[in-house]
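Take a look at the structure below.
The shown structure was predicted, so the numbers you read here are calculated from the model rather than taken from an experiment. We name chains A, B, ... by the order of the sequence lines, and we start the count at 1 in each one.
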2 protein chains.
Amino acid sequence: MDAQEAKDKFIQNWGALGTVWGINRTMAQIHALLMISPKSLSADEIMEALQISRGNANINIRSLIDWGLVYKELKPGDRKEYFISEKDMWVVVRQIIVHRKKRELDPMLRVLDEITNSKVPEDSEEAIALNKTIRDIKLFSSKADSILEVLVKSDSNWFVGTFLKMIK
Amino acid sequence: MDAQEAKDKFIQNWGALGTVWGINRTMAQIHALLMISPKSLSADEIMEALQISRGNANINIRSLIDWGLVYKELKPGDRKEYFISEKDMWVVVRQIIVHRKKRELDPMLRVLDEITNSKVPEDSEEAIALNKTIRDIKLFSSKADSILEVLVKSDSNWFVGTFLKMIK
DNA sequence: TGTAACTTTCACAATTATTTGAAAGTTCAA
DNA sequence: TTGAACTTTCAAATAATTGTGAAAGTTACA
């Protein structure tokens, strides 16, 4: 396998993985491309490498910046913007967790609270089961939330080290 | 809010959450419906409650069984199959992790191994960066894998308890 | 066996998500 | 200011996913 082939394979697969992680294919591919690029790339270079349109490139680069996975780099004396990716896997995963927690877990918890606070009368077996399910999810989520908080705030080495010690 | 309204709201939102978690809307809705149902339901009851077709109900019920989130229940003297869901949130999340790890993480790691084993010549800055990225991802994944293994094998109370103690 | 009750399959339809590309907007050096 | 270089937007096109429903398949029991 030559270098180009290996690169393509990596980008393709990272893209496929992204789709099942709530990250669209192009966004994940741009991220893959930047992760394996030793230097920052311009929008045009990204469009060229992945054969995508300007609009598509623009939107997905912005999303990546939004997620904290890609940074802008301005070169003095050049009007173009260049992009460089976060390369520390720990930080990458952390950013994804933070972002998705905010986008998905939090709204769900809001809905559950809304239902809880509206005091659905427990006048049927069904209503009781609903309330119990909601209580369970909230309890579980608050635990998951604490764990994710720690995970997000801690340093990779500390976390993995302590964790692996704990299970011995 | 009455009980029906609360139920619908819960089902709708659980469905929406599913879509961003690699689980399709209907599959998540059926799961929600079963989670808040104190008794097992037949395919017809599910179709009726969610207003979906027989084919759709069938396929998604099978997937849920596949994921280990729903169980068949056979009532003596009744040819129909009834379905009941896993209600322990810890088990639900665990099953999802197991299933997705198998479906997503493992194939990615296979691709990375394939690239590594094909010995891409490190004859350019790019090829070096690619190899480094792949090494990093593999290192990270193997750590994540150990952690998930423990998480999957352990009991909820033990896990959360030990974890929260550890971070104090 | 025959047949009624139930489950599964699958071609096509509907829906949803993504991408394109051209036009509008912005920025900055002259 | 102007206009060239660059970025952003968005309506329409395309692609991908999901859902439908009727027909085929399966099963159990008379």
> Under the side chain to side chain contact (heavy atoms under 4.5 Å, CB included) criterion, do B:I52 and B:I30 qualify, and how do the steps go?
Replying inline: CA-CA 10 Å; B:I52 58 174; B:I30 295 176; 4.2 Å; yes
> Along DNA chain D, 5' to 3', what are the outermost nucleotides having an atom less than 4.0 Å from a heavy atom of chain B?
Replying inline: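 Here the contact window of chain B covers D:dT18 to D:dA28.
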> Honestly curious: do B:I11 and B:I84 fall in one hydrophobic cluster under the side-chain, below-4.5 Å linking rule?
Replying inline: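 Result: no, two separate clusters.
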>> Please enumerate all residues that pass side-chain hydrogen bond (donor to acceptor under 3.5 Å, both in side chains) together with B:D136, with sequence neighbours excluded.
In response: B:K132
>> So, using side-chain hydrogen bond (donor to acceptor under 3.5 Å, both in side chains) as the criterion, who are the partners of B:W67 when residues are at least two apart?
In response: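 Result, side-chain hydrogen bond (donor to acceptor under 3.5 Å, both in side chains) vs B:W67: B:H99.
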For nucleotides 25-30 of chain C, print each protein N/O atom paired with a nucleotide N/O atom at under 3.5 Å, atom names and distance only.
unit_1	atom_1	unit_2	atom_2	d
C:dT27	O2	A:R79	NH2	2.7

If we only count heavy atoms from C-beta on, is the [X] to [Y] side-chain gap below 4.5 Å?
X: B:K72; Y: B:F83; value: yes
X: A:E73; Y: A:K39; value: no
X: B:E126; Y: A:K7; value: yes
X: A:D113; Y: A:K138; value: yes

> Can you list the steps and then say if A:E81 with A:L74 is a side chain to side chain contact (heavy atoms under 4.5 Å, CB included)?
Replying inline: CA-CA 6 Å; A:E81 294 181 325; A:L74 294 170; 4.0 Å; yes
>> So which atom in A:E86 and which in A:H31 form the shortest heavy-atom distance, rounded to 0.1 Å?
In response: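 Shortest heavy-atom contact: O-NE2, 4.1 Å.
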>> Please check: side-chain N/O of A:Q12 versus main-chain N/O of A:K9, any donor-acceptor pairing under 3.5 Å?
In response: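 No: the side chain of A:Q12 does not pair with the backbone of A:K9.
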> Heavy atom of residues 64-75 of chain A under 4.0 Å from DNA chain D: which residues?
Replying inline: none
>> Measure CG/A:N58 against C1'/C:dT18 and give the value in whole Å, please.
In response: 15 Å
>> A:L17 vs A:N13, test: side chain to side chain contact (heavy atoms under 4.5 Å, CB included). Steps then yes/no.
In response: CA-CA 6 Å; A:L17 191 62; A:N13 278 280; over 6 Å; no
Are there any protein N/O atoms within less than 3.5 Å of an N/O atom in nucleotides 19-22 of chain C, and if so, which ones and at what distance?
unit_1	atom_1	unit_2	atom_2	d
C:dT19	OP1	A:T26	OG1	2.6
C:dT19	OP2	A:T26	OG1	2.9
C:dT19	OP2	A:N56	OD1	3.3
C:dT19	O5'	A:N56	ND2	3.4
C:dT20	OP2	A:S53	N	2.7
C:dT20	OP2	A:S53	OG	3.0
C:dT20	OP2	A:N56	ND2	3.1

